[in-house]
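Structure record follows, encoded as structure tokens.
If you're wondering where the values come from, they're calculated on a predicted model, not measured in any experiment. Heavy atoms only: backbone and side chains are in, while hydrogens, waters and symmetry mates are out.
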Amino acid sequence: MRQKREDVRNVAIIAHVDHGKTTLVDELLKQSGVFREGQDITERVMDSNDIERERGITILSKNTAVMYKGTKINIVDTPGHADFGGEVERVLKMVDGVILVVDAFEGPMPQTKFVLRKALELKLPVIVCINKIDRPEARPDEVVDEVLELFLELDADDAQLDCPFVYASAKTGIASMDSDGSGASMEPLFETIVNYIPAPEGDPEAGTQVLISTIDYNEYVGRIGIGKVDNGLIRVNQEVVICNHHDPGKQSKVKVSKLYEFDGLGKVDVKEAGIGSIVAISGIADIHIGDTLCSPEAIAPIPFQKISEPTIAMQFMVNDSPLAGLEGKYVTSRHIRDRLFRELNTDVSLRVEETDTTECFKVSGRGELHLSVLIENMRREGYEFAVSKAEVLYHTDENGKRTEPMELAYIDVPNEFAGAVIEKLGQRKGELRNMGSISGGTYTRLEFSIPARGLIGYRGEFLTDTKGNGILNTVFDGYAPYKGDIQYRKLGSLIAFEAGESITYGLFNAQERGTLFIGAGEKVYAGMVVGQTGRSEDIEVNVCKKKQLTNTRASGSDEALRLVPPRILSMEQCLDFIDTDELLEVTPAHLRIRKKILDPTLRKRAALRK
């Protein structure tokens, strides 16, 4: 007999990147009394990972729970960035409704459309929260119309169209049912969640059924499966069977050793949990996303959507440069292999494949950011390795033709830069689909359909072309026929000629040839890229060259040499810069760009063979 559990609500917060999801969760936690009086609270408390804090983005979905007037509200904070869409897709199976957060100035953006489509396909009720109504340029009434247009475009049914709108300023901690922003607290949003999001349903008398939607990993207890109890009860020490909808052969008996529920920012031990509870289960080594835990007498796996396929790949390999092994703690192929396969414990959108050689692994992900976050995490943990340029994964259609992943790029730029952006994306096989003016006519919004490889290495160039004022958002748009060759980089590299330490005299002579990436006193080796030239071909320079001392002194010949400050590249800029014949050497202390073939003679021979 199915029944509702009225004292629980399960809700996910979804939105485009930077529309204020995590800040909104902060306020819900504060106003529900999770923090004690005088407790020191960090901003964006749900972003627990160092990289999330530094970049101001959410990468992993997080669970929390608050109490409001006797109702427990389980909240899942999801990522907004397109590269982490795999996280959003699966957590929606855990909840009974979503809060769609939309910026009161920007309106619906590409990722808003992506996450909303997923929610509507699962027939989840939606509460629309128009956030940042305190922004001076906010236009809440127009944004409401744009959101309703988006609902219509995504074929929402009548019940979904009749959704409540809440106006909020997560920063100041107020919510209101009117667009004038007259609220005093988050109470209107709490009330709307309790009244509009349906209570979870299930049969408490039936056999246990828990669908695992997220995996957490802990050094001490191993894998922790997080999911919602759909039917029955789950207890500590209970024997259950793991099964999977997509893998009928998978069935094994396991024991639940620890069971937790979420409470505020932590987990609390519980002895049992009933329908509608979101639980964390530890002690099961072979637990994966999409698995169902069932009672042995009623084995029935819950259907689970396939996670979207990766679109780009990189080669991760053992660092074999002359400076290898000097800075990293973990440098062997075994260390790198173990770390990459461990990442699969928590990241469902990632693929790791072994190659013909034991020194190299093919790692596929949803985008450059997805893979660069993994590289940065490994680097901070003490790993040393090299990575190749990102390449897209091609498919073959039923007619045997090659297809490639396409992206929809939405670009907002000041009017004077629109021409430069259209020209650059045109060279990268982008097709302009739409063009309109926003922000009272001062900005242009461009919509492009462009191959995913056309965007590799473009973001840095885009920021330069728009003087940092442009906003570029992309969303995956399926596969389409191959669009032809693209030239990634028009300028060559400055390559070090010999090994040693860079010296001011050598750098002074080299800087006339282009832009340097290194300063004086840095270790270099033959074949290492030390800068970018203004010409299309590579140039070899000797940055270790010393000035020959003589006995003669002439006035003016020994004046101090002035060096232009080098351009220090970040991780993303390095990955954008490297070409197909180059590698990025990643160590805990340095990022070095190098040629795949270090020897200049062998390199020239390889170029002639092409």
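Atom CG of Asn195 is separated from atom OG1 of Thr71 by 9.5 Å, given to the nearest 0.5 angstrom. The CG atom of Asp412 sits 8.0 Å away from the OH atom of Tyr443 when rounded to the nearest 0.5 Å. Rounding to the nearest 0.5 Å gives a distance of 11.0 Å between OG1 of Thr208 and CG of Asp230. Note that the CZ atom of Arg339 and the CD atom of Glu343 stand 4.5 Å from one another [nearest 0.5 Å]. The distance from atom CG of Leu340 to atom CZ of Phe316, rounded to the nearest 0.5 Å, is 6.0 Å. Ile226 contributes atom CD1, which lies 6.5 Å from atom CE of Met94 (distance to the nearest 0.5 angstrom).
Residues Ile13 and Ile99 are in side-chain contact: their nearest non-hydrogen atoms beyond the backbone lie under 4.5 Å apart.
Salt bridge annotation for Lys69-Glu187: present, with a cationic side-chain nitrogen under 4.0 angstrom from a carboxylate oxygen. Salt-bridge check for Arg117 with Glu153: failed, with every basic side-chain N at 4.0 Å or more from each acidic carboxylate O.
Nearest approach of Ser169 to Met186, heavy atoms of both residues: O-CE, 4.2 Å. Contact between Ala104 and Lys132 at its shortest, heavy atoms only, is CB-O, 3.7 Å.
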Could you go through residues 272-279 and list every donor-acceptor pair under 3.5 Å that involves a side-chain atom there, pairing it with any protein atom two or more places apart or in another chain?
from, atom 1, to, atom 2, distance (Å)
Glu272, OE1, Arg235, NE, 3.2
Ser277, OG, Arg5, NH1, 2.6
Ser277, OG, Glu261, OE2, 3.3
Ser277, OG, Gly274, O, 3.3

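In terms of modelled atom types and a separation under 3.5 Å, the side chain of Lys72 and the main chain of Phe262 share a donor-acceptor contact. In terms of modelled atom types and a separation under 3.5 Å, the side chain of Arg9 and the main chain of Val194 share a donor-acceptor contact.
Counted by atom type alone, Gln209 and Asn231 present one or more donor-acceptor pairs between their side chains at under 3.5 Å.
Less than 6.0 angstrom separates the ring centroid of Phe190 from the ring centroid of Tyr68.
In terms of the ring-ring contact (aromatic ring centres under 6.0 Å, His included) criterion, Phe448 has no residue partners (sequence neighbours excluded).
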